[in-house]
Undergrad: 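Encoded as structure tokens, here's the structure I'll be asking about.
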Amino acid sequence: MTTEAAKARPAHFVTLEGGEGVGKSTQARRLVERLNKSGIAAIATREPGGSPGAETLRDLLLSGKVKDLGAKAEAILFAAARIDHIDRKIAPALAAGTWVVSDRFADSTRAYQGALGGLDAGFLRALERVTLGDLRPDLTLILDLPPEIGLARAAQRRAPGAALDRFEREGPAFHAALRKAYLDIAAAEPERCVVVDAAQSEDEVAQAIWDAISYRLLGAPSEKEHGI
Ligand code: T5A
């Protein structure tokens, strides 16, 4: 695609989702680099966080201090961080024609607080309505990986002596249920979600993501249409 053609396209909102250590941050960075090389303005961001106010809430949420308040209160606090992130970073970037690639977004609340915290669908829908307004990801890439591999990768990356965060401390049953929750989200919204096999090498995952972006958002024909 020429730079001019790329510029003429609307800015898209892409989210990366999945369990612990599946490679979201790595792939968000690589995707933004590849978009930029193709002449498309794009930024990477993350949740919880992404804006100064939301980063302050991130520290609190990952410390485990709010776990005792229960899944409903935790979901509301993640949503509060998300509102600041949308208002101060995501919406202004999209309005300026810049693609936004977010490492986690509202599906994380659906999976972690919703499916695993036992929140009912009506509560989650209402929370999304007030938090997101009209904003929805154009494409969500769900990086799928057996949890033991993801947790081992996350452990490898952790600085020596650094503590596990609130969710990394959960047991194997939690992480297996989390994987299923994400696959259920993908199955329920196939027009928005693409499942990527994250057990592949970093380069292979990056290529699978680029194939999905090309086919779903850039209008390119794909040899791998099946499954995308
Ligand atoms: N949360 C978040 C909620 O409960 N509700 C919400 O609404 C939201 C938004 C965030 C936590 O908050 C929860 C979910 C999370 O538990 P976090 O610190 O941001 O916590 O942690 P994660 O989002 O889980 O991200 P991680 O940093 O743990 O993992 P990533 O980003 O998925 O993985 P990444 O890219 O850092 O890679 C991990 C390691 O693996 C290597 C990398 O080099 C790195 O060392 N790697 C690979 N190795 C082999 N093959 C590959 N293909 C590889 N890809 C990456």
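By convention here, the first residue in the shown sequence is residue 1. All ligand and atom numbering here is 1-based and tracks the order in the structure.
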Undergrad: May I ask you to say whether Arg46 pairs ionically with Glu55, meaning some side-chain N is under 4.0 Å from a carboxylate O?
TA: yes
Undergrad: By number and element, which atoms of ligand 1 are closer than 4.0 Å to a non-hydrogen atom of Pro48?
TA: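 Counting atoms of ligand 1 from 1, those under 4.0 Å from Pro48 are 2 (C), 9 (C), 10 (C), 12 (O).
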Undergrad: Taking the side chain as every heavy atom from C-beta outward, state whether Arg82 and Leu132 have any atom pair closer than 4.5 Å.
TA: yes
Undergrad: Starting from atom 23 (O) of ligand 1, find the nearest protein heavy-atom neighbour and note its residue, name and distance.
TA: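 Atom 23 (O) of ligand 1 sits closest to the protein heavy atom Arg104 NE, 2.6 Å.
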Undergrad: What residue and heavy atom of the protein are closest to atom 52 (N) of ligand 1, and at what distance?
TA: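 The answer is Gln200 O, 2.9 Å.
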Undergrad: Describe, in one word, how the ring planes of Phe167 and Phe78 are oriented to each other, choosing from parallel (under 30°), tilted (30 to 60°) and perpendicular (over 60°).
TA: tilted
Undergrad: Taking distance alone, with no angle check, do Thr109 and ligand 1 share an N/O pair under 3.5 Å?
TA: yes
Undergrad: Out of curiosity, is Gln27 lining ligand 1, as in a heavy atom under 4.0 Å away?
TA: no
Undergrad: For atom 33 (O) of ligand 1, find the nearest protein heavy atom and state the residue, atom name and distance (0.1 Å precision).
TA: Gly23 N, 3.1 Å
Undergrad: So between Phe78, Phe105, Tyr112, whose heavy atom ends up nearest atom 2 (C) of ligand 1?
TA: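 When every heavy atom of Phe78, Phe105, Tyr112 is considered, Phe78 comes closest to atom 2 (C) of ligand 1.
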Undergrad: Of the side chain and backbone of Glu204, name the one, both, or neither that has a heavy atom under 4.0 Å from an atom of ligand 1.
TA: neither
Undergrad: Could you list which atoms of ligand 1 come closer than 4.0 Å to a heavy atom of Glu202?
TA: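 Per the distance check, 51 (C), 52 (N), 54 (N).
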Undergrad: Backbone, side chain, both or neither: what part of Leu61 comes under 4.0 angstrom of ligand 1, heavy atoms only?
TA: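 No part of Leu61 comes within reach of ligand 1.
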Undergrad: When you compare ligand 1 with Phe167, is there at least one nitrogen or oxygen pair between them that comes in under 3.5 angstrom?
TA: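 Min N/O separation from ligand 1 is not below 3.5 Å for Phe167.
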Undergrad: Given that the side chain starts at C-beta and the backbone is N, CA, C, O, which of these parts of Leu62 lies under 4.0 Å from ligand 1, counting heavy atoms, or is it both or neither?
TA: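 Within the 4.0 Å criterion, Leu62 contacts ligand 1 through side-chain atoms alone.
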Undergrad: Which residue holds the protein heavy atom closest to atom 31 (O) of ligand 1, what is that atom called, and what is the gap in Å?
TA: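 Result: Ser25 OG, 2.4 Å.
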Undergrad: Could you identify the single nearest non-hydrogen protein atom to atom 37 (O) of ligand 1 and state the distance to 0.1 Å?
TA: Thr26 OG1, 3.7 Å
Undergrad: For atom 45 (O) of ligand 1, what's the nearest protein heavy-atom neighbour? Residue, atom name and distance, please.
TA: Arg157 CB, 3.4 Å
Undergrad: So, are Lys24 and Glu47 salt-bridged, with charged N and O less than 4.0 Å apart?
TA: no
Undergrad: Between Gln113 and ligand 1, which part of the residue brings a heavy atom under 4.0 Å of the ligand: side chain, backbone, both or neither?
TA: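 Within the 4.0 Å criterion, Gln113 contacts ligand 1 through side-chain atoms alone.
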Undergrad: When you check the gap from the basic side-chain N to the acidic O, do Asp203 and Arg30 get nearer than 4.0 Å?
TA: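 Here Asp203 pairs with Arg30 in a salt bridge, since their nearest N and O are under 4.0 Å apart.
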Undergrad: Out of Arg46, Lys24, Arg58, whose heavy atom sits nearest atom 17 (P) of ligand 1?
TA: Arg58
Undergrad: Looking at Leu31, Ile40, Val101, Asp138, which one forms a side chain to side chain contact (heavy atoms under 4.5 Å, CB included) with Ile213?
TA: Leu31
Undergrad: Quick one: pull up OH in Tyr182 and CD in Glu17 and give me the separation to the nearest 0.5 Å.
TA: 4.0 Å
Undergrad: Quick test of your reading of the model: are Arg110 and Glu189 salt-bridged, counting only N-O distances below 4.0 Å?
TA: yes
Undergrad: Among Glu20, Glu170, Arg153, which one puts a heavy atom closest to atom 49 (C) of ligand 1?
TA: Arg153
Undergrad: Test your reading of the structure: does Val205 have an N or O sitting under 3.5 Å from an N or O of ligand 1?
TA: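 Min N/O separation from ligand 1 is not below 3.5 Å for Val205.
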Undergrad: Does atom CZ of Arg88 have more than 12 heavy-atom neighbours from other groups under 6.0 Å away?
TA: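 No, the 6.0 Å shell around CZ holds no more than 12 heavy atoms from other groups.
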Undergrad: Under a 4.0 Å N-O cut-off, is there an ion pair linking Lys37 with Glu33?
TA: no
Undergrad: With heavy atoms of Asp165 as the reference, note each atom of ligand 1 found under 4.0 Å away.
TA: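 Selected atoms, number and element: 18 (O), 20 (O).
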Undergrad: Indicate, with yes or no, if the rings of Phe105 and Phe13 have centres closer together than 6.0 Å.
TA: yes
Undergrad: With the side chain counted from C-beta on, respond yes when Leu94 and Leu135 share a heavy-atom pair under 4.5 Å apart, and no when they do not.
TA: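 Heavy-atom side-chain distance check passes, below 4.5 Å.
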Undergrad: Heavy-atom pairs closer than 4.0 Å: do any link ligand 1 to the side chain of Ser201, the backbone, both, or neither?
TA: backbone
Undergrad: Could you check if a side-chain atom of Leu119 sits within less than 4.5 angstrom of a side-chain atom of Thr109, using non-hydrogen atoms only?
TA: no
